[in-house]
Asker: 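Structure provided below as structure tokens; questions to follow.
Here is how names work: the chains are called A, B, and so on, in the same order as the sequence lines, proteins then strands, and each is numbered from 1.
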Protein chains: 2
Amino acid sequence: MGNRDGAVTPPSAEDGGTPRAATIRDVAARAGVSVATVSRALSGQYPVANATRARVQRAVRDLDYVVNAHARALTGSKSKTIAVLLSDIASPFYSRIAHGVEQQASAEKRLMMVCATHGDPEREVGLVEMLREQSVDAVVLVGGIVDTPEYRERMARLARLLDTAGSRLVLCGRPSPGEDLPVTVVEYENSGGAFAAASYLMDKGHRDILFLGGVGPDTTTQDRLDGFRRALASRDLSADEPGRILTGGNSRQFGYDTIRARLLREELDFTAILAWDDLVAAGAMTALREAGVDVPGRVSILGYNDEQIAQDLVPPLTSVSIPHTELGRSAVRLALHREDPAVASSQHITLGTHIVVRGSVREAARR
Amino acid sequence: MGNRDGAVTPPSAEDGGTPRAATIRDVAARAGVSVATVSRALSGQYPVANATRARVQRAVRDLDYVVNAHARALTGSKSKTIAVLLSDIASPFYSRIAHGVEQQASAEKRLMMVCATHGDPEREVGLVEMLREQSVDAVVLVGGIVDTPEYRERMARLARLLDTAGSRLVLCGRPSPGEDLPVTVVEYENSGGAFAAASYLMDKGHRDILFLGGVGPDTTTQDRLDGFRRALASRDLSADEPGRILTGGNSRQFGYDTIRARLLREELDFTAILAWDDLVAAGAMTALREAGVDVPGRVSILGYNDEQIAQDLVPPLTSVSIPHTELGRSAVRLALHREDPAVASSQHITLGTHIVVRGSVREAARR
DNA sequence: CTGTTAGCGCTTTCAC
DNA sequence: GTGAAAGCGCTAACAG
């Protein structure tokens, strides 16, 4: 043989120019069959003589051939890709959800794209446009937002646009934008978790409980606050006395600063803290330790999200666990099988949360 | 107007079937120009009459048109995508590097794909094949490996394959597979960090230092151990006395179990621990606390990686900081601009590490 | 079982 | 400035 037959030149280092990647035509030429046969032999979904298949596979190996996913997507209009949008990959909350998305995507033979929005709704929309260009199989939007009419319209529009392109919008950890929209919603018992947490503290005799952290207007904070309020109300306590609800930030620093200021300014007028998340709790614990306030002897703390850090604080933090990984997995599973009767009816689910008991909560001291 | 002109039917909810996404032809028809003109108007790189451009843009908006990235990639053979392979997205180490990759990818108008290898070299190769199908602009492989001749051959092959496809292999936090390969390598001062850490402990008077953690054969552990050994040797101490180097795992649990067993079995024959990472350090600290050993009063601990958790341990952990984000950013930057004379010569760089001093190291007590 | 051929949606010469 | 037409690499009828 040799590559001087003129018809098709397989890539070779010798023919002068930069070697290019092999195409299906190179494989066909080398195997002595037509491109259609190569396509069939490779798809596996079509009867091909064993001998032919073997020759094709041989040629594929010799040439290090791989199909061009773009050409394939162009024909089939499926890209075998899932996209997930979150504000920040480095955050444990989001990266654990992404982990779940990846697991399921991988199980469904899909690749995953990850995009960071930095919490900017406009950037979110811009990214969805880019992903629409990619005709991804699903776009998963993760994390709380500020729930306004504009938000709902924005989501409704994106949902329809993606639907038209054969893709699916998934809202994960944020509310549904309305009825009868082509959208998959995967939530978790956010308010319920806060309700359970506050109830747990009250079961331990606590009556003076602080709600600490959360930016404020976003749905995540609103829902947790809602659960907190409901729990207190169910025992005839009011959450809305002054100084009880301390929102305004969601960082470790915010937890630290806020509790520190509180301790300097006033007497210790609370016996427990329900923190917006474990990081805020960590900050609060540091402030309490520095002020010589014993945790959990004098003040109990309950975190939210049950992150890695909860185990390593001193004392280990009791926290509300949310099903990060399962959220991601469900998002992908429901979106991809939305036609499947088994899940078609459950395109809006809410996963449960539970309290992981460690060492940061104790019976309230008698005041 | 109306859609009965027969030539081209713009997508519309009224024409019976499922509405499909608009294509460049729909836009052309609506704007009353040719597809070539639409393409030019949208690319912006070609003279088009202002009036025409406006009409095209109008049509684009009316139809919610976005280009099909696959069709574009098919012509141009560029996909505007960067891929990163890591063992686990949920790990803070990897997710912080991914964060850097995302930052730079985003700055360079690229999307990012993230794939999890679960530390399996075969899966890694399989994923690179999948990514080759996608003709991604670069494939970033992150994290230590077991450095064998097979590894080097594997990487050499992937590097050539990707190069042929116009893509670029980037090795991040792992060694170069050899000279004269089309590959970008971005490392960090791994051994140097351990050297500095051990030296810092010895400066504080410590002589009996444990190296705790690391799986063993992987390059990350080997490099850190190497730095540890070199530092001790530079002060005429030997790292290889029995019981000094405790590898075999890299989890919090491993740190806890190993130190606990050590304390039960023997007297406290060390004054400092250099931990493989912050998680191992956290485990060790818990074991020490439970045994009533004061940290840092009796035993000093130094971590590695400077993760979030380091701040929240009690005492806060002194740790070796590695430039996670910058590793990811550099990986993308160097790969994309490899032709650019400014960086063409620096396709193998090593970023520095430094010690972040907190509260877990103190002068050694006189024995 | 296998080959031929017509696109998928776009960019890019080459004409006008 | 703009249009016509030739592919990019692949899949999916449609013939044999």
Side-chain angles (χ1 to χ4, degrees), chain A residues 7-11 20-57 59-60 63-80 132-135 164-166, chain B residues 7-11 20-56 59-60 63-80 130 132-135 164-166:
Chain A
V8 174
T9 308
R20 61 185 176 69
T23 75
I24 196 172
R25 258 200 294 279
D26 301 321
V27 176
R30 177 149 192 138
V33 297
S34 72
V35 292
T37 301
V38 174
S39 178
R40 289 173 189 134
L42 261 35
S43 84
Q45 306 297 4
Y46 203 90
V48 174
N50 282 331
T52 314
R53 162 167 292 121
R55 291 225 311 290
V56 169
Q57 285 170 342
V60 164
L63 297 172
D64 279 318
Y65 168 80
V66 286
V67 293
N68 180 321
H70 299 298
R72 177 175 277 175
L74 192 52
T75 323
S77 88
K78 291 253 146 285
S79 74
K80 297 285 186 183
R132 203 148 65 89
E133 298 178 3
Q134 306 282 333
S135 34
T164 302
Chain B
V8 174
T9 308
R20 57 184 178 70
T23 72
I24 195 172
R25 256 196 301 273
D26 301 320
V27 176
R30 179 152 192 133
V33 297
S34 72
V35 294
T37 302
V38 175
S39 178
R40 288 173 187 132
L42 261 35
S43 84
Q45 305 296 3
Y46 203 93
V48 173
N50 281 333
T52 313
R53 162 167 293 122
R55 291 226 309 291
V56 169
V60 164
L63 297 173
D64 277 321
Y65 168 80
V66 287
V67 293
N68 180 321
H70 299 298
R72 177 174 277 175
L74 193 52
T75 322
S77 91
K78 291 253 147 287
S79 72
K80 296 286 187 184
M130 279 187 77
R132 202 148 64 90
E133 297 178 3
Q134 306 281 333
S135 31
T164 302

Asker: Going through the distances and angles, do A/Arg55 and A/Val33 end up as a side-chain contact (heavy atoms from CB on, under 4.5 Å)?
Answerer: CA-CA 9 Å; A/Arg55 291 225 311 290; A/Val33 297; 3.7 Å; yes
Asker: Measure CG/B/Leu74 against P/D/dG9 and give the value in whole Å, please.
Answerer: 7 Å
Asker: Can you list every pair that meets side-chain hydrogen bond (donor to acceptor under 3.5 Å, both in side chains) and has a residue in residues 35-44 of chain B, with sequence neighbours left out?
Answerer: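 Checked against side-chain hydrogen bond (donor to acceptor under 3.5 Å, both in side chains) - neighbours excluded - the pairs reaching residues 35-44 of chain B are B/Ser34-B/Thr37.
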Asker: Please report the C-alpha distance between A/Thr164 and B/Arg20 in whole Å, then the side-chain angles of each, then the deciding distance to 0.1 Å, and finally whether the side-chain contact (heavy atoms from CB on, under 4.5 Å) criterion is met.
Answerer: CA-CA 6 Å; A/Thr164 302; B/Arg20 57 184 178 70; 5.7 Å; no
Asker: How would you summarise protein contacts on nucleotides 1-7 of chain D per nucleotide, using B for base, S for sugar-phosphate only and - for none, with heavy-atom distances below 4.0 Å?
Answerer: SBBB---
Asker: Can you tell me how far P of D/dG9 sits from CG of A/Leu42, to the nearest Å?
Answerer: 16 Å
Asker: Could you state the atom-to-atom distance from NE2 of B/His70 to C1' of C/dT11 in whole Å?
Answerer: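 Rounded to the whole Å, the gap is 17 Å.
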Asker: Give the C-alpha distance, both sets of side-chain angles, the deciding distance and a yes or no for side-chain contact (heavy atoms from CB on, under 4.5 Å) between A/Asn68 and B/Leu74.
Answerer: CA-CA 8 Å; A/Asn68 180 321; B/Leu74 193 52; 4.0 Å; yes
Asker: For A/Val60, what residues pass the side chain to side chain contact (heavy atoms under 4.5 Å, CB included) criterion, not counting sequence neighbours?
Answerer: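 With sequence neighbours excluded, A/Val60 shows a side chain to side chain contact (heavy atoms under 4.5 Å, CB included) to A/Val27, A/Leu42, A/Val56, A/Tyr65, given in chain and number order.
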Asker: Does any pair with a residue in residues 63-75 of chain B pass salt bridge (charged side-chain N to carboxylate O under 4.0 Å, His left out), and if so which ones, sequence neighbours excluded?
Answerer: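 Pairs touching residues 63-75 of chain B that pass the test: A/Arg157-B/Asp64.
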Asker: At less than 4.0 Å, is any side-chain N or O atom of A/Ser39 found next to OP1 or OP2 of D/dC10? Yes or no.
Answerer: no
Asker: What verdict does the side-chain contact (heavy atoms from CB on, under 4.5 Å) test give for B/Ser135 and B/Lys78, after you've listed the backbone C-alpha separation in whole Å, the side-chain angles of each residue and the deciding distance to 0.1 Å?
Answerer: CA-CA 7 Å; B/Ser135 31; B/Lys78 291 253 147 287; over 6 Å; no
Asker: To 10°, what angle do the rotation axes through the five end pairs on each side of the helix from C/dC1-D/dG16 to C/dC16-D/dG1 form?
Answerer: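 What I find for the helix from C/dC1-D/dG16 to C/dC16-D/dG1 is an axis angle of 40°.
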Asker: Using OP1 and OP2 only, check whether a side-chain N or O of A/Arg72 sits under 4.0 Å from D/dC10.
Answerer: no
Asker: Can you measure B/Gln45 atom CD to C/dC10 atom P for me and round it to whole angstrom units?
Answerer: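 So the CD-P distance, B/Gln45 to C/dC10, works out to 18 Å.
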Asker: Can you name the nearest heavy-atom pair linking B/Arg53 to B/Gly44, along with the distance?
Answerer: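 Closest pair (atom of B/Arg53, atom of B/Gly44, distance): NH2-CA, 4.2 Å.
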Asker: Rounding to an integer number of Å, can you tell me how far A/Leu63 CG sits from D/dG9 P?
Answerer: 14 Å
